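Please read the structure below before turning to the comments.
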Amino acid sequence: MFNERCSLIDVGAIMTTAVAPSKTLAALQETKPEKVTIVLLSGELDRAMAAFIIATGAAAMGMRVTIFFTFWGLNAIRRTGAGSSARDWLRRMFGLLNKGGAERLPLSRFHFGGLGTSMIHTVMKQNRMPGVPELLRTAQDLGVQLIACTTTMGLMGISKETLIDGVDQLAGVSTYLAEARQGNVNLFI
Amino acid sequence: MPKADVTLDTLGLFCPIPIINTSKKIRELTVGEVLEVLSSDEGIKKDMPAWCETTGHEFVGVEDDTINYQPAYRAFVRKRKS
């Protein structure tokens with residue numbers, strides 16, 4: 001299939017691919033779009049922002065983007081203030097202590113019991129910089145696929161009812177790998 | 001620089017918003033028309049050519065300017081595909 005539309009040409013020492021002129025760029029992108037997969041393991045404001053800025057930027061460049069949320073990263077797609085509906089009390093406690101919500105993520109450094117993070121929020125607001133909730137909405141608008149990892153959801157007492165609307169899939173490692181192996185850019189944040 | 005058919009104001013907005021808004025705005029143009037993007041983010045000078053290269057639109061150029069006493073940039077993109 002690859003050979004049908006591309007041929008290898010030798011330019012000096014560098015091998016490069018040339019697209020057959022019969023195929024337009026649009027058609028090529030249709031058949032083999034560039035793909036970005038991001039694993040968001042961290043639940044901090046700064047790391048989540050980096051993930052969403054890359055995701056939205058890539059989507060704006062016409063790339064297909066998937067973000068996998070696992071462990072603390074799940075907090076970015078949990079409803080604010082939602083508790084846990086896990087059956088055993090240990091996981092229920094864990095789900096309650098580990099507060100979720102895109103607007104509540106702490107800074108990875110200088111959180112200072114919330115003081116540092118609220119200062120950053122103020123600076124961001126003054127500079128009209130989008131925060132994690134806005135970036136998340138933008139990502140959804142641009143068609144970024146959001147996938148929540150079921151294993152860590154179970155482990156951390158996070159039920160699917162407590163996730164925000166618009167999470168595309170609940171899946172595991174095979175789904176991630178199936179996407180990532182076609183990806184041109186794979187990031188772990 | 002060519003005369004812009006449509007101007008998009010992203011002054012005061014940070015990466016990646018100018019690029020996201022550009023990708024939305026370009027849909028409203030017809031092929032061959034020129035979009036002018038106003039930005040106060042210096043990164044636009046590199047980001048706009050990179051966006052054009054990836055999406056297949058033509059990067060016409062970028063001009064340094066001063067808008068409301070602040071350094072600003074005018075990036076010009078010609079729509080190349082619908």
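FYI, side chains are in, hydrogens and waters are out, and symmetry mates aren't considered; it's all heavy atoms of this structure. Chain identifiers are assigned alphabetically (A, B, ...) following the order of the sequence lines, protein sequences preceding nucleic acid strands; residue numbering begins at 1 within each chain. In this text the structure is predicted, and so the values were computed from the model without any measurement.
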- For chain A, which residues of residues 62-75 of chain B have heavy atoms nearer than 4.5 angstrom: none
- Message: I need the contact set between residues 27-47 of chain B and chain A: heavy-atom distance under 4.5 Å, sorted by residue number.
- Response: none
- Message: Taking salt bridge (charged side-chain N to carboxylate O under 4.0 Å, His left out) as the definition, give me every residue that meets it alongside A:Arg137, ordered by chain and number, with sequence neighbours left out.
- Response: none
- Task: Indicate whether the side chain of A:Gln169 and that of A:Thr175 have a donor and an acceptor atom separated by less than 3.5 Å.
- Result: no
- Query: So do A:Leu41 and A:Ile189 actually touch side chain to side chain, heavy atoms under 4.5 Å?
  - Reply: no
- Query: Do side-chain atoms of A:Lys99 reach the backbone of A:Leu105 as a donor and acceptor pair under 3.5 angstrom?
  - Reply: no
- Atom CG in A:Leu107, atom NE2 in A:His111: separation rounded to 0.5 Å? 8.0 Å
- Message: A quick test of your reading: do over 12 heavy atoms of other residues, nucleotides or ligands sit less than 6.0 Å from NZ of B:Lys24?
- Response: yes
- Note on the structure: The interface call for A:Ile53 against chain B, heavy-atom contacts under 4.5 Å, is both
- A:Phe188 vs A:Thr70 side-chain heavy atoms within contact, under 4.5 Å: no
- B:Lys25 atom NZ: more than 12 heavy-atom contacts under 6.0 Å: no
- Item | Heavy-atom neighbours of A:Met119 CE exceed 12 at 6.0 Å | no
What pairs of donor and acceptor atoms, side-chain ones from residues 125-132 of chain A against any protein atom, are under 3.5 angstrom apart with sequence neighbours left out?
{"from": "A:Asn127", "atom 1": "ND2", "to": "A:Val123", "atom 2": "O", "distance (Å)": "2.9"}
{"from": "A:Arg128", "atom 1": "NH1", "to": "B:Leu11", "atom 2": "O", "distance (Å)": "3.3"}

- Item | Proximity breakdown for B:Ile20 and chain A, heavy-atom pairs closer than 4.5 Å | both
